[in-house]
Each structure stands twice: as structure tokens, then as C-alpha cells.
There are 2 protein chains.
Amino acid sequence: MDFKEILKEKGIKATKTRLAVLNLLDKSDQPLAATTIFHDLKNQKIKIDLATIYRIIEKFIGLKIVKQVDFREGMLRYELAGDHHHHLICQSCGDVSSYHGECLSEVEKVIKEKYKFNVAEHVLEFFGTCDNCQKELI
Amino acid sequence: MDFKEILKEKGIKATKTRLAVLNLLDKSDQPLAATTIFHDLKNQKIKIDLATIYRIIEKFIGLKIVKQVDFREGMLRYELAGDHHHHLICQSCGDVSSYHGECLSEVEKVIKEKYKFNVAEHVLEFFGTCDNCQKELI
DNA sequence: TTAGGTGCAAATGATTTGCAATAAT
DNA sequence: ATTATTGCAAATCATTTGCACCTAA
């Protein structure tokens, strides 16, 4: 996808740093912390500041381009929005993998009827032990 | 429930501050932030320090007496463990209510079979608009 | 050109830690 | 009496903010 076009459509400037952040998130197979993005871009010799990254992410979240996730690490991680999925977080090695396929729309309908609460979004994450770590625990 | 007994069974001292924290969480109908606990106990004229509250909570979490939850407020909240439930968080007024009754054990079984990932626990929270705020938005 | 973006430095706020004093068993 | 626990002060660390300079449109 052409991030440059997407940003223009959203009405914000397609700066180098913004595109770099988007490309990094796009390439990553897991959500990234702000500091991780910072160091990765540094390694790519891209001049960037942590504060800028936070500002970019904040704007992206407002535009629904990016979502934040909390893996209980004392900091937040960010990933491209777009496809709704959940995560399997290994509490042993920290590995994160995506889990597609959970439909809570029925539950949300029940919540709407029973509590008159209108669900806009939900957070669902699974913590446990990945295949590799289960083997190592033997 | 007799928290004093519970703490003894767990093998840690039943101090005034620990019991005060437990009683406060027990009385609350929603998870509380550390600073909230701090101020509430202050109001009860109980001498206590924020650092102590964090240490108490840390210990309680280790003993599975307390669980932490993240409502995306930039800080964590804590509640008594014990009964598994989820929350309906109103993004408009901040009100939090409990939602009992969601069974993900089937999903976790599928995850186990398909990804060989062993789920130890899951986090499921609903964000949206409560009944009152829906009315006010008219 | 010019308004939106960024870098830099300093501030903020939640959470953690060292250490001496204190209280539960 | 002994050891865990606490209070206090200082440190840490993620995230935010003010402001002058820069750059995409």
C-alpha cells in the first residue's frame, strides 16, 4: 500500500519520518514500542527524535491508522490498524504472534441489550507459553 | 472474607496497611489506581506511603490476590482477583462496570491445538459508551 | 510562502529503589 | 528478638510539552 497517498487522503503531510514509521510498522510482524521504532530508524541512519515518534503515533492513532496495544511491559506498543486481530504473548520468552479469528459481535450485542452499553471496541489478548518454551520447560 | 487469615495462609504478615488496601479494594465496585488507593487511605487518616502501596500490590499480584487492569489511562488499576470478569469502560465519562459471563475456554482450546500455544490467562475489556452518555449525546 | 512538522531540551507523572526506622510474629 | 515491612527521599523510565527552526505542499 502507498502510505504517501494514504497520508495525503487523511489530509496530513507525508513527511519522511512519518513514512519511515509506517514502513517500519508495516514490515514488523509484531507491535513495536516507541523506543524500538526510535532505535530501528536510528540504525537506518534516519535522523529522528523520540518526541517526534510519540507525536506521529498520537496523530496516527487519532486517524485510526495505528492502534496501541499493552503487553504489560511497562510501556505501550503500536501496530498498523486495519486488520482486527489479537495476540498470543509468551510470558516466558516474550515472543508475540498474531491470532486471527475471534468474533465477539454476538457478545457485544448481548452487552448492548443487557447493559445498554454500546461497545465501540474491545481488547483481547492471550498470555501464556509458546510451543518452544513449553518444550524447554521439560 | 477474613483477609487477615488469607494473608497468614499465604505466609506474609498481616499488617495494617495491607489489610487497609485489601478492604478498600474489596469495598470498591471498580478497579482502583495506586494513587486513588493512596488518597482514599489518607482520607481515612491511615498513615501510608505511595511506594508502600506499590510494594503491597506487587506482592499481592505475585500471590494472585490482586489483578492489574489497564484502561488506557496512562496508569494501571488494581482489583481483587478471585472472580474472573471483564469491564465495560465508558470512553465518554470514564465509568467502569463489571461484565460477568464470557467463556473463552473453547477459543483457548483451539489456540492450543492450532498454535500449540498454552493460554494461561486472557485480557478482555470493552470500550464504548454507557447508557447515560448515549442519552446525553442526543 | 506558510502552516504544519520536527529536533532539542526540559518537564511531567507513574512506578521503583536504597536505606534506616518500625512493627508483626 | 528477629525479620519482614514501611516511610522517606531520591532515582528511573515512558511519555509529554515549549519553542525555535525546518520542510512539504
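Predicted, not measured: the structure shown is a model, and the values here were computed from it. Chain A is the first sequence line, chain B the second, and so forth, proteins listed ahead of strands; every chain is numbered from 1.
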For the pair B:Phe38 and B:Tyr54, evaluate side-chain contact (heavy atoms from CB on, under 4.5 Å) and give the outcome as yes or no after the intermediate values. CA-CA 10 Å; B:Phe38 178 64; B:Tyr54 278 109; over 6 Å; no
In terms of relative ring orientation, are A:Tyr99 and B:Tyr115 parallel, tilted or perpendicular, with 30° and 60° separating the classes?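 It falls in the perpendicular class, over 60°.
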Rounded to the nearest angstrom, tell me the gap between atom [atom1] in [X] and atom [atom2] in [N].
X	N	atom1	atom2	value
A:Leu19	D:dT23	CG	P	15 Å
A:Lys42	C:dG7	NZ	P	8 Å
A:Leu22	C:dG5	CG	C1'	15 Å
A:Ile57	D:dA14	CD1	P	14 Å
A:Glu5	D:dA25	CD	P	10 Å
A:Lys16	C:dT6	NZ	P	12 Å
B:Phe38	D:dT6	CZ	C1'	13 Å
A:Phe60	C:dT6	CZ	C1'	13 Å

Keeping the roles fixed (side chain from B:Glu121, backbone from A:Phe127), state whether a donor-acceptor pair exists under 3.5 Å.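 Looks like no, no N/O pair under 3.5 Å.
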Name the closest nucleotide to the [X] side chain, picking from [options].
X	options	result
B:Thr15	D:dT15, D:dT5, C:dG7	D:dT5
B:Ala51	C:dT6, C:dT17, D:dT5	C:dT17
B:Ile12	D:dT5, D:dT6, D:dG18	D:dT5
A:Lys13	C:dG4, C:dT6, C:dA14	C:dG4
B:Met75	C:dT6, C:dT15, D:dA25	C:dT15

Taking only N and O in the side chain of [X], is any of them less than 4.0 Å away from OP1 or OP2 of [N]?
X	N	answer
B:Arg18	D:dT5	yes
A:Tyr54	D:dT16	no
B:Lys8	C:dT25	no

Touch class at under 4.0 angstrom, heavy-atom based, for A:Thr17 against every strand present: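 Sugar-phosphate: the residue A:Thr17, judged by heavy atoms under 4.0 Å, touches backbone atoms but no base.
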At 4.0 Å (heavy atoms only), tell me whether B:Ile56 reaches a base, stays on the sugar-phosphate, or touches nothing. sugar-phosphate
Aromatic centroids of B:Phe126 and A:Phe117 separated by under 6.0 Å: no
Select from A:Arg55 and B:Asp49 the residue whose nearest nucleotide in DNA chain C is closer to the 5' end of that strand.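 The answer here is A:Arg55.
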Which residue lies more 5' along DNA chain C, comparing B:Leu76 with A:Lys47 via nearest heavy atoms: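 Checking each residue's closest nucleotide, the 5'-ward one belongs to A:Lys47.
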Kindly check if the number of other-residue, nucleotide or ligand heavy atoms within 6.0 Å of NZ (A:Lys116) is above 12?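 Atom NZ in A:Lys116 is not crowded, with 12 or fewer foreign heavy atoms closer than 6.0 Å.
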